[in-house]
Amino acid sequence: MADSKTATLRLNNAEYELPVLSPTQGPDVLDIRKLYGQADVFTYDPGFTSTASCDSTITFIDGDKGELWYRGYPIEQLAEKSNYLEVCYLLLYGELPTAEQMSDFENRVTRHTMVHEQMHNFFRGFRRDSHPMATMVGVVGAMSAFYHDSTDIGDEWQREVAAIRLIAKLPTIAAMAYKYSIGQPFVYPNNELDYASNFLNMCFSVPAEKYQIDPALSKAMDRIFTLHADHEQNASTSTVRLAGSSGANPFACIAAGIACLWGPAHGGANQACLEMLREIGNVERIPEFIERAKDKDDPFRLMGFGHRVYKNFDPRAKVMKESADEVLDLLGIHNNPTLQVAKELEKIALEDEYFVSKKLYPNVDFYSGIILEAMGFPTSMFTPIFALSRTVGWIAQWKEMISDPQNKIGRPRQLYVGSDKREYVDLNNR
């Protein structure tokens, strides 16, 4: 980053020169690290919408253009030509792998998919009706109690082992959480299957009969993983970095990311979207809900449309729409009321001047929920699938942060608006 440019801040009859950093892509960044020490002031930015908390080489988003790059590669190209494990390698190591590197990486991930047998007992400590995300937060956090040889963040090799273990075991843990919630036996990983097929097999196969994995569904699942692998400094990624800045072990950091992702405004958005479609119920009621969405005084929100970052079409949504059409055609699902509502709502929103003018296009959550429901997943599993997809992004960001010589523990400031100093009054005199 070049910092030859400066900006002048005038405050209380004094001037302060602040460096201006220029990134590879995106807007310039005003460096305010020394502002407090020089001028005795903080900046105020709720939601950190105008604040860069770190520098990174992993993911770039241009919300106005509707672009998303992993290490410089457009997401559309990766979704079309690559697969999830290759994207994992790219995010972790910065370059696409050679054939030899890819074979070695796939082998390492495949050989780490099983979890410690004693962890099976950990699942049984949860109620049967526990949300799978609650189970995942607990189990992933508990991994540090089982894998002591990969918790030393100062050891580069241990960081590498932890990364592979997390990528390999999250699908197993997510599938176990699902099986436990529906009262079915756990299904062990199958090393003969690819990453996505193995996950589907662990979720939907049963010991009593053979489960046939359709290649098209496996491809759609792999694409969902790829499209959700990373998304720059979002809430959960920032949570992972903040937890990691304290020196916490990688399993604790990823568990923190999962907990943050659980929120309906973040990872739970596709579940909220599908629940909204079910609330609408049928095509005839769509105009009613469209009008409610336009009414500023109505609390109803049209879920699955628009994005905080993208002020254009979400590039992931274009790819996801293609997958949705392929999966629905494959499964022959056309008369489903929820699907009919989704299709008609999408058509209206893309043509309605209100939504077009505000650039409220269908986003990735709108289509991913439709695909996952068509595959047979309950809505409670949507966010766990998001979590296992995003794990590699969290790990890549965590590893980058640990290796950054500028890394220091996160400590946001605040604008205090509470009481001024007060004297304590004894209980009997209040």
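Predicted, not measured: the structure shown is a model, and the values here were computed from it.
A cation-pi contact, defined as under 6.0 Å to the ring centre and within 45° of the axis, is absent between Arg124 and Tyr180.
Checked for salt-bridge contact, Lys321 and Asp325 meet the test: a charged N lies under 4.0 Å from a carboxylate O. At a threshold of 4.0 Å, the pair Asp104-Arg108 counts as salt-bridged, since one of the basic side-chain nitrogens sits closer than that to a carboxylate oxygen.
With a 4.5 Å cut-off on side-chain heavy atoms, Ile385 and Phe199 count as touching. Between Lys408 and Ser245 the shortest side-chain heavy-atom distance does not fall below 4.5 Å. At least one side-chain heavy atom of Phe300 sits less than 4.5 Å from a side-chain heavy atom of Met276. A heavy-atom distance below 4.5 Å is not found between the side chains of Met320 and Asp314. In this structure the side chain of Asp222 never reaches within 4.5 angstrom of the side chain of Asp194, judged on heavy atoms.
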Next item on the list: Check the pair Leu92 / Ile395 against side chain to side chain contact (heavy atoms under 4.5 Å, CB included), numbers first and verdict last.
Entry: CA-CA 8 Å; Leu92 286 174; Ile395 295 168; 3.9 Å; yes

Note to self: The test is side-chain hydrogen bond (donor to acceptor under 3.5 Å, both in side chains); show your working for Gln158 and Thr151 and say whether it passes.
What the structure shows: CA-CA 7 Å; Gln158 291 199 32; Thr151 56; 4.7 Å; no

Next item on the list: For the pair Arg159 and Asp155, evaluate salt bridge (charged side-chain N to carboxylate O under 4.0 Å, His left out) and give the outcome as yes or no after the intermediate values.
Entry: CA-CA 6 Å; Arg159 296 201 300 269; Asp155 186 323; over 6 Å; no

Notebook entry, point to check: Should Arg165 and Asp149 be marked as a salt bridge (charged side-chain N to carboxylate O under 4.0 Å, His left out) after you check the CA-CA gap, both sets of side-chain angles, and the distance that decides it?
Noted result: CA-CA 11 Å; Arg165 280 176 169 161; Asp149 59 343; 2.6 Å; yes

Next item on the list: Take Leu21 and Asp28, measure what side chain to side chain contact (heavy atoms under 4.5 Å, CB included) needs, and give me the verdict at the end.
Entry: CA-CA 6 Å; Leu21 309 178; Asp28 286 345; over 6 Å; no

Margin query: Before you tell me yes or no, could you show the steps for Glu373 and Arg278 under salt bridge (charged side-chain N to carboxylate O under 4.0 Å, His left out), namely the whole-Å CA-CA distance, both residues' side-chain angles and the distance that decides it to 0.1 Å?
Written below: CA-CA 12 Å; Glu373 184 188 46; Arg278 288 171 176 164; 2.5 Å; yes

Note to self: Go through it in stages, so that I can follow the logic: the residues are Ser323 and Ile224, the test is side chain to side chain contact (heavy atoms under 4.5 Å, CB included), and I'd like the CA-CA distance, side-chain angles, deciding distance and then a yes or no.
What the structure shows: CA-CA 9 Å; Ser323 287; Ile224 287 175; over 6 Å; no

Next item on the list: Apply side chain to side chain contact (heavy atoms under 4.5 Å, CB included) to Arg316 and His231, showing your working.
Entry: CA-CA 11 Å; Arg316 302 169 300 169; His231 208 239; 3.5 Å; yes

Checklist line | Stepwise side-chain hydrogen bond (donor to acceptor under 3.5 Å, both in side chains) check, Arg241 with Ser53 | finding: CA-CA 10 Å; Arg241 279 184 173 261; Ser53 61; over 6 Å; no

Next item on the list: Report the C-alpha separation of Lys347 and Glu351 in whole Å, then their side-chain angles, then the decisive distance to 0.1 Å, and conclude whether the salt bridge (charged side-chain N to carboxylate O under 4.0 Å, His left out) test is met.
Entry: CA-CA 7 Å; Lys347 179 176 180 293; Glu351 296 175 352; 3.7 Å; yes

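When all heavy atoms of Ala229 and Arg390 are compared, the pair lying nearest together is O-CD, 3.5 Å. Nearest approach of Asn249 to Ile153, heavy atoms of both residues: CA-CG2, 4.3 Å. Nearest heavy atoms, Cys203 versus Tyr178: O-CE2, 3.3 Å. Contact detail for Glu117 and Tyr188: the closest heavy-atom pair is OE2-OH, 2.7 Å. Smallest separation of non-hydrogen atoms from Arg223 and Val319: CD-CG1, 3.3 Å. The minimum heavy-atom distance between Cys88 and Ile167, with the atom names listed, is SG-CG2, 4.3 Å.
The distance from atom CZ of Phe122 to atom CE of Met119, rounded to the nearest 0.5 Å, is 7.0 Å. Considering NZ of Lys296 and NZ of Lys294, their distance stands at 13.0 Å, rounded to 0.5 Å. The CG atom of Leu96 sits 5.0 Å away from the CG atom of Leu90 when rounded to the nearest 0.5 Å. One finds the CG atom of Leu91 at 6.0 Å from the OG1 atom of Thr59 (value rounded to the nearest 0.5 Å). Annotation: the span from Met401 atom CE to Asn407 atom CG amounts to 5.0 Å, rounded to 0.5 Å. For the atom pair Met375 CE and Leu217 CG, the distance stands at 5.0 Å (nearest 0.5 Å).
Between the side chains of Thr237 and Glu232, no donor N or O sits under 3.5 Å from an acceptor N or O. Checked by atom type, the side-chain pair Gln397/Gln233 shows a donor-acceptor distance below 3.5 Å. Side-chain contact annotation: Ser236 with Asn234, donor-acceptor N/O pair under 3.5 Å present. For the residue pair Asn191/Thr110, the side-chain donor-acceptor check at 3.5 Å is not satisfied. Ser197 and Asn201 share no side-chain donor-acceptor pair at under 3.5 Å. Counting only N and O atoms by type, the side chains of Ser181 and Arg128 include no donor and acceptor under 3.5 Å apart. Glu346 and Tyr367 share a donor-acceptor pair across their side chains, judged by distance under 3.5 Å alone.
A 6.0 Å sphere centred on CD of Glu288 holds more than 12 heavy atoms belonging to other residues, nucleotides or ligands. Heavy atoms of other residues, nucleotides or ligands lying less than 6.0 angstrom from NZ of Lys34 number 12 at most. Summarising the local packing, CD of Glu15 is surrounded by more than 12 heavy atoms from other residues, nucleotides or ligands at distances under 6.0 Å. No more than 12 heavy atoms of other residues, nucleotides or ligands sit less than 6.0 Å from atom CZ of Phe48. Around atom CZ of Arg127, no more than 12 heavy atoms belonging to other residues, nucleotides or ligands sit under 6.0 Å away. Crowding of Arg422 atom CZ: a count of heavy atoms from other residues, nucleotides or ligands under 6.0 Å not exceeding 12. By the 6.0 Å contact criterion, CG on Asn121 is enclosed, its count of non-hydrogen atoms from other residues, nucleotides or ligands being greater than 12. Within 6.0 Å of CD on Glu160 lie more than 12 heavy atoms contributed by other residues, nucleotides or ligands.
The backbone N or O of Val364 lies less than 3.5 Å from a partner atom in the side chain of Ser368, making a donor-acceptor pair. Side-chain atoms of Asp45 come within 3.5 Å of backbone N or O of Thr51 as a donor-acceptor pair. Between the side chain of Ser82 and the main chain of Ala79, no donor-acceptor pair closer than 3.5 Å is present.
Ring centroids of Phe126 and His131 are separated by 6.0 Å or more, keeping the two rings apart.
Under the 30°/60° scheme for interplanar angles, the aromatic rings of Phe251 and Tyr147 are found to be tilted.
His228 pairs in a ring pair (Phe, Tyr, Trp, His ring centres under 6.0 Å) with only one of the listed residues (Phe382, Tyr70, Phe386, Tyr84), which is Phe386.
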